[in-house]
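Some notes on the structure that comes next.
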There are 2 protein chains.
Amino acid sequence: MAAKMERVAKPQMPTEAAQAHRFGKARTAQSTALLEDYVELISDLLASSGEARPTDVARRFGVSHATAIKTIARLKREGLATSKPYRGVFLTQEGEALAERVRARHRLVVDLLVAVGVPPDCAEADAEGIEHHVSDVALDAFRHFLARR
Amino acid sequence: MAAKMERVAKPQMPTEAAQAHRFGKARTAQSTALLEDYVELISDLLASSGEARPTDVARRFGVSHATAIKTIARLKREGLATSKPYRGVFLTQEGEALAERVRARHRLVVDLLVAVGVPPDCAEADAEGIEHHVSDVALDAFRHFLARR
DNA sequence: CCTAATTTGTAGCCTTGTCTACACTTTGCC
DNA sequence: GGCAAAGTGTAGACAAGGCTACAAATTAGG
Ligand SMILES: [Mn+2]
Ligand SMILES: [Mn+2]
Ligand SMILES: [Mn+2]
Ligand SMILES: [Mn+2]
């Protein structure tokens, strides 16, 4: 029953393919978000204290040290970090480059949020999640907006 | 060796607790992002065609129908949707309310992005991920910005 | 130097989210 | 009305990300 001839309202929906593609992109971003946050955090720890120990990473990240160690293992598997037992974590060239990009993007997102009126603390908090979903094109737009506002 | 007295550069890092809290919030947002996208999508399908079949949801979402069915099961478990075998999915009152909020937020985020100069297609794509990490405070700021720009 | 505290590593276990493969209903069409 | 196609559901596998509990190594004090 129902919908004899689907001629009702039908507000504009994107095409199936386009929508699937968008959702897929968001899913991919999620899967790399963790790695991005870890390399950024490790890079910060290295810069500010000269070392990045798993326990520090875990505390900063708010997870158990076992979880941090597993994620660091993934970082190594993906060629972003190195570490030897009981020796702290370091970033590969690739890892440091990623950290640099991620850090810059994080700052840009925070700046944009603040520029449109989001309170700084809130901007900082929201940016931690938002940053991983902002494309390069959008980042360019952010830069232009900040430059000429 | 190294760091005899950590008096080096030390660019401002947030406190451990604050940073852990931020990361924790981003993690939580991620875990609800999927549910939000599903209820929004189901609501759209119901509005535009009168029914939301698992296969449609799967195609729109870009996953296998088995995956969609499992996520729909989670929706039901959490009191957001109902369904009987071979009969399509419907939203509970709570689910429809969530869909409404999510839809409005999605639009607001897209509008904000466009307003700061992000190309519409890009805005639409990025918003799909960003939306789940924008707090109510930030949304208010977005509204004000859009109103008085 | 020895011992105790801290850090690190490992070993399960759980939940989510994804897939493929197979079985069962329902639908559509001749 | 019956058969093929389409849709639906279930089962089993995997990876990621989280946890707790325990074991081993390192570091720090006395
Ligand atoms: Mn982040
Ligand atoms: Mn960040
Ligand atoms: Mn979304
Ligand atoms: Mn959305």
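All chains are named by letter (A, B, ...) in the order of the sequence lines, taking the proteins before the strands, and each is independently numbered beginning at 1. All values reported here derive from a predicted model rather than from experimental measurement.
For the residue pair Lys76(B)/Ser83(B), the side-chain donor-acceptor check at 3.5 Å is satisfied.
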Distances under 3.5 Å between protein N/O atoms and the N/O atoms of nucleotides 14-20 of chain C, please, pair by pair.
| residue | atom | partner | partner atom | Å |
| --- | --- | --- | --- | --- |
| dT16(C) | OP2 | Arg77(B) | NH2 | 3.4 |
| dG17(C) | OP1 | Arg74(B) | NH1 | 3.0 |
| dG17(C) | OP2 | Arg74(B) | NH1 | 2.3 |
| dT18(C) | OP1 | Arg27(A) | NE | 3.3 |
| dT18(C) | O4 | Lys70(B) | NZ | 2.8 |
| dC19(C) | OP2 | Ser64(B) | N | 2.9 |
| dC19(C) | OP2 | Ser64(B) | OG | 3.2 |
| dC19(C) | OP2 | Thr67(B) | OG1 | 2.7 |

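Using a 4.0 Å cutoff to heavy atoms of chain B, the contacted part of DNA chain D runs 5' to 3' from dG7(D) to dG18(D).
Between Tyr86(B) atom OH and dT25(C) atom C1' there is a gap of 4 Å when expressed in whole angstrom units. To the nearest angstrom, C1' of dT7(C) lies 12 Å from CZ of Arg87(A). Atom pair Arg53(A):CZ and dT8(C):P shows a separation of 5 Å (rounding to whole Å applied).
Here the side chains of Glu128(A) and His133(B) are not in contact, with every heavy-atom distance at 4.5 Å or above. You'll find the side chain of Arg53(B) stays beyond 4.5 Å of the side chain of Leu45(B), heavy atoms only.
With respect to the salt-bridge test (charged N to carboxylate O, under 4.0 angstrom), the residues Arg105(B) and Glu36(B) qualify. In summary, Glu16(A) and Arg59(B) engage in a salt bridge, as defined by a charged side-chain N under 4.0 Å from a carboxylate O.
With respect to Ile130(B), the side-chain contact (heavy atoms from CB on, under 4.5 Å) criterion is satisfied by exactly one of Val109(A), Val134(A), Asp126(A): Val134(A). The side-chain contact (heavy atoms from CB on, under 4.5 Å) test with Val39(B) singles out one residue from Leu91(B), Asp44(B), Thr92(B), and that residue is Leu91(B).
Checked against ring-ring contact (aromatic ring centres under 6.0 Å, His included), Phe61(A) has the following partners two or more places apart in sequence or in another chain: Tyr38(A), Phe23(B).
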